[in-house]
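What follows is a set of notes on a single structure, which appears directly below.
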Amino acid sequence: MSKNDAKTADIGSEKGLKRRDFIKKATTTTLAATAVAASSFPKPSLSQGRMKWRMQTTWPKNFPGLGTGANKLAEFIGRASDGKLTVEVFGGGEIVPAFETMDAVSSGTIEMGHGAPYYWKGKVAATQFIASIPFGLNALEQNSWLQFGGGQELADKVYLELGCKFFASGNTGVQGGGWFNKEINSLEDYKGLKMRIPGLGGEVVKAAGGNVVNLPGGEIPPALSSGAIDATEWVGPYNDLAFGLYKSAKFYYFPGWHEPATLLDNFINLKAWDGLSDDLKAIIETANSYANSYVINEFVANNNASLDTLVNKHGVVVKKFPDPVLDGLGALAGKVIGDLAAADPLSKEVLVSIAKFRKQSIAYAKFSEQAFYNARGLPFKWVDL
Ligand code: CA
């Protein structure tokens, strides 16, 4: 930490001192007058204490959808706070290696990080259940669970173990199934397959006999092109096109059963968070709410066009995982997820909550979105403009 950072990190206590000075002076008046003054007098100005925080993302700097979402988050905080709190954004590796971002935030080296919860499963296993669950909730359902199903409280409990405050700060929606150089016709085809696939999906592929590795985004294209890995998933058409994954793999499979909706996490060093005034806390909450919708909207808007480019410009062969493969992966997912949750009480608490929400979501989706998608996909002629 530089001298300047040490200075900004002390601002919370500096403000506290000023407030104490004010209360000390006020004791010369009557108790009643003090109460009135304390409630009506403007809080001490932060003009001498403008805070500058640093946020490292796990993503390459300005990466479409993921990095740009983090940029929007930082921009919003600076603008809404009128510069009281500015957040400088660093790409993965600019301060510490991408996967050490959480260590840097937990230890207070930097105040904020932006990534995906499953990157921290080695530290706190339950984070992978917050990120995305194979055959679990979609983005709409996941956000509903966070806001109304007790999810935010559970995620905060999980991130407390990391010394951080948690915010959902973006969502990819359902991802692509991955890039393969050989066809997946049965579960047997996963045996010995060296695949980059993180989180619980990776555990499922491992259970199917795959040789699973995890790599930060920036390391995927060279690993696939050099043959260090046979297959990879990344995000979806928008990001996968940007990485040029089509140059090194023949088949693009769907759907992304392993990540039906991966949320991005904004994690804040708990001491830094606790030291904020209420207005700045509210601004950060709102900024994350904004980033959360901004990111998924960016994905929806760009995935359509990117899939079209991949298929019609680059000749990518798009293939659906056969239903028996999906059925087999679903059964393996249930076993793997259940075993992991049984071994860790915090993971189990999260999974029990999500499983309850999922059960109702499945019933309601058949009545709503799923039924509508089926209806919209019928081969009638619609407007032709
Ligand atoms: Ca992914």
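This chain uses plain numbering: 1 for the first residue, then up along the sequence. Worth knowing before you read on, the calculation uses all heavy atoms, side chains too, and leaves out hydrogens, waters and symmetry mates. As the structure lists them, so they are numbered: ligands from 1, and atoms in each ligand from 1. All values derive from a computational prediction rather than experimental measurement.
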Check this for me: does any side-chain nitrogen of one of [X] and [Y] sit under 4.0 Å from a carboxylate oxygen of the other?
| X | Y | answer |
| --- | --- | --- |
| K84 | D279 | yes |
| R54 | E111 | no |
| K320 | D323 | yes |

Check your understanding: Nearest to the Ca ion (ligand 1), which N, O or S atom of E259 do we find?
Key ->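 Result for E259 and the Ca ion (ligand 1): OE2.
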Exercise for review: Measure from the Ca ion (ligand 1) to every N/O/S atom of E233 and report the name of the nearest one.
Suggested key: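 In E233, the N, O or S atom with the shortest distance to the Ca ion (ligand 1) is OE1.
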Practice item. Tell me yes or no: between the side chains of D265 and Y119, is some donor less than 3.5 Å from an acceptor? Key: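 The criterion, which ignores hydrogens and geometry beyond distance, is not satisfied for Y119 and D265.
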**Study point:** Presence of N, O or S from G199 under 3.0 Å of the Ca ion (ligand 1)
**Key:**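 Coordinating: no.
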Review point. Is the distance from the Ca ion (ligand 1) to some N, O or S atom of T262 under 3.0 Å?
Key: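 Here the distance criterion (N, O or S atom, under 3.0 Å) is not met by T262, so no.
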